Amino acid sequence: MTQQWGVLPYAIVFTLYLVMFAVVIVLYMKWRNKHYLNFVGVLAFSGLLSFISYLFYDYLNDFTLFIAALVGCSFVAQQVSFMRLYQPRREERQYIHLAGVILFGLLASNALSNQSLFFSYILLILSLGFSAYSFFLTSRLFGRRLKYLAAISCFAMYNLLLWLSFVINNNGIKHFSMFLFAGAQFALFLLLIERMIELMQAATYSSSRDESTGLHNNKYFIQLSNQYLQANKMTGFIYVELNGADQYLLDKGQEAYNKLLGIIGELVKECCGSNGSGGRLDDRSVALIIFQSSLTVASIAEELRKRIEEVTDITASIGYVVGGNGMDLPTILGQAKQSAEIASEAGNKMAVGQQLKKSVS
């Protein structure tokens with residue numbers, strides 16, 4: 001039973017490294033980023049050390065101190081990898097961490113030929129010094145995340161108990177310290193999963209957004225509109241034709257036109273609010289799907305027309321439909337376009353709309 005208790009934390013750490021290794025491999029295969037590849041190497045090294053620690057889990061000698069120093073080295077390297085993972089555009093050198101890796105490495109090399117007790121003191125001082133640096137300084141770059149601070153705290157306490165186990169020659173304390181190290185690695189594992197979720201969400205966001213307007217792109221907006229239609233949650237649809245868009249592009253250039261589209265996108269979000277969602281249909285038109293009834297579709301459409309006229313150098317022909325559940329999207333879009341044409345013929349003095357009735361099958 002005692003043997004199983006001693007082996008358990010090593011098994012936990014090794015399992016965490018295997019799972020983290022698999023996760024980072026997936027990230028690298030998806031994005032082909034060098035930081036992920038570097039992280040793979042660090043995790044492979046850390047996993048190897050954890051396996052060796054397991055093989056010699058019941059010993060307290062120079063070799064186990066050597067392995068403990070290398071574990072500290074790998075933990076420092078993991079911090080660098082995590083910082084690159086969270087802030088990939090920061091290219092400055094992590095000199096303090098580099099020094100930590102070198103010092104842990106020198107300690108490891110000396111541990112093989114010197115007294116364990118003396119170098120256990122050095123290991124303690126070095127580990128606590130690095131932990132204090134990470135806790136108070138590095139976290140400003142990495143972000144004061146509770147999980148990261150928990151990992152650093154567990155790592156510091158792990159080294160304190162590891163040092164104590166060498167001082168009093170007690171394997172039980174050494175085994176218990178490994179539970180703290182497992183806690184540190186588990187906190188890093190949660191950070192890794194958290195980062196992976198953030199990356200996936202960012203990828204989903206960017207793949208569904210139009211870069212110029214900040215609204216949904218055509219494909220995603222059509223999908224979203226169909227979803228609300230199928231769920232019978234659509235209360236209205238607004239079509240916005242930008243008048244003189246082609247001439248504006250010719251006169252002022254692409255950069256100015258992109259800025260104009262960005263303004264249009266912000267106005268759509270401002271007028272729509274939580275009542276619906278907007279999307280870009282093509283180079284000269286955007287649309288809004290309304291799925292809340294706190295404001296009338298007509299009032300949203302008219303407010304948007306006025307805001308475009310006030311803020312920009314162009315006008316907009318706006319047509320809208322109220323209702324539409326039970327009808328297909330091309331029909332609704334066609335009706336809204338017809339209303340926009342009527343508004344254009346009338347001089348764009350107001351948004352023009354019509355009430356749609358649910359089709360009877």
Side-chain angles (χ1 to χ4, degrees), residues 31 87-91 198-199 201-225 236-291 295-321 329-330 332-353:
W31 280 287
Q87 297 182 338
R89 295 183 179 180
R90 299 185 74 101
E91 295 296 336
E198 289 175 1
L199 289 170
Q201 289 176 337
T204 301
Y205 179 87
S206 61
S207 66
S208 65
R209 292 283 163 173
D210 173 67
E211 185 176 348
S212 298
T213 62
L215 303 174
H216 295 307
N217 59 31
N218 180 281
K219 180 179 179 181
Y220 186 81
F221 180 74
I222 295 301
Q223 291 175 349
L224 185 66
S225 300
F237 188 92
I238 301 173
Y239 174 80
V240 182
E241 181 77 26
L242 304 178
N243 300 316
D246 291 337
Q247 191 62 44
Y248 189 96
L249 177 59
L250 289 173
D251 293 342
K252 300 193 176 183
Q254 187 65 54
E255 184 177 353
Y257 186 61
N258 287 338
K259 289 182 180 180
L260 173 66
L261 291 176
I263 294 172
I264 296 296
E266 289 301 319
L267 293 176
V268 167
K269 294 175 186 178
E270 178 186 315
C271 295
C272 187
S274 61
N275 297 292
S277 186
R280 185 177 181 180
L281 295 182
D282 54 40
D283 290 341
R284 298 179 301 278
S285 63
V286 297
L288 297 80
I289 177 175
I290 307 301
F291 45 78
L295 294 173
T296 64
V297 178
S299 64
I300 295 174
E302 182 59 21
E303 176 64 19
L304 179 58
R305 185 195 68 80
K306 290 179 180 178
R307 293 290 290 143
I308 291 176
E309 188 174 296
E310 292 170 359
V311 175
T312 71
D313 297 331
I314 65 172
T315 60
S317 301
I318 299 182
Y320 64 89
V321 296
L329 186 60
I332 293 173
L333 179 57
Q335 295 291 332
K337 283 184 176 181
Q338 287 182 12
S339 296
E341 290 174 2
I342 295 172
S344 178
E345 292 171 359
N348 297 313
K349 302 293 186 181
M350 61 181 296
V352 175

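Computed from a predicted model, the values in this text were never measured in an experiment.
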- [ ] With rounding to the nearest 0.5 Å, note down the distance linking CG in Asn348 to CD1 in Ile318.
- [x] 8.5 Å
Open item on the list: Quick check: closest heavy atoms across Ser285 and Glu241, and the distance to 0.1 Å?
Closed with: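 For Ser285 and Glu241, the tightest heavy-atom pair comes out as CB-OE1, 3.9 Å.
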Open item on the list: On a heavy-atom basis, which atom in Leu288 and which in Cys272 lie closest, and how many Å separate them?
Closed with: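 Leu288 and Cys272 have their closest heavy atoms at CD2-CB, 3.7 Å.
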Open item on the list: Measuring only between side-chain heavy atoms, which start at C-beta, is Val240 closer than 4.5 Å to Val268?
Closed with: no
Mind listing the side-chain donor-acceptor pairs of residues 333-347 below 3.5 Å, one per line with the distance, residues two or more places apart or on another chain?
| residue | atom | partner | partner atom | Å |
| --- | --- | --- | --- | --- |
| Gln335 | OE1 | Gln354 | NE2 | 3.1 |
| Ser339 | OG | Gln335 | O | 3.3 |
| Ser339 | OG | Gln354 | NE2 | 3.2 |

Just jot down the side-chain hydrogen bond (donor to acceptor under 3.5 Å, both in side chains) partners of [X], sequence neighbours excluded, or say none.
| X | answer |
| --- | --- |
| Glu211 | none |
| Glu266 | none |
| Ser212 | none |

- [ ] Output all residues satisfying salt bridge (Lys or Arg N to Asp or Glu O under 4.0 Å) with Glu270, sequence neighbours left out; order by chain, then residue number.
- [x] Arg307
Task: By salt bridge (Lys or Arg N to Asp or Glu O under 4.0 Å) - contacts of Asp283 (at least two apart) - done: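 Asp283: salt bridge (Lys or Arg N to Asp or Glu O under 4.0 Å) contacts with Arg280.
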Side chains of residues 242-256: which donor-acceptor pairs under 3.5 Å do they make with residues two or more places apart or in other chains?
| residue | atom | partner | partner atom | Å |
| --- | --- | --- | --- | --- |
| Asn243 | OD1 | Ser317 | OG | 3.1 |
| Asn243 | ND2 | Thr315 | OG1 | 3.1 |
| Asn243 | ND2 | Ser317 | OG | 3.1 |
| Gln247 | NE2 | Asp251 | OD1 | 2.9 |
| Gln247 | NE2 | Asp251 | OD2 | 3.3 |
| Lys252 | NZ | Asp313 | OD2 | 3.1 |
| Gln254 | NE2 | Asn258 | OD1 | 2.9 |

- [ ] Taking only Lys NZ, Arg NE, NH1 and NH2, and the carboxylate oxygens of Asp or Glu, determine whether Glu309 and Lys306 approach each other closer than 4.0 Å.
- [x]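 Not counted as a salt bridge, because no side-chain N and carboxylate O are separated by less than 4.0 Å.
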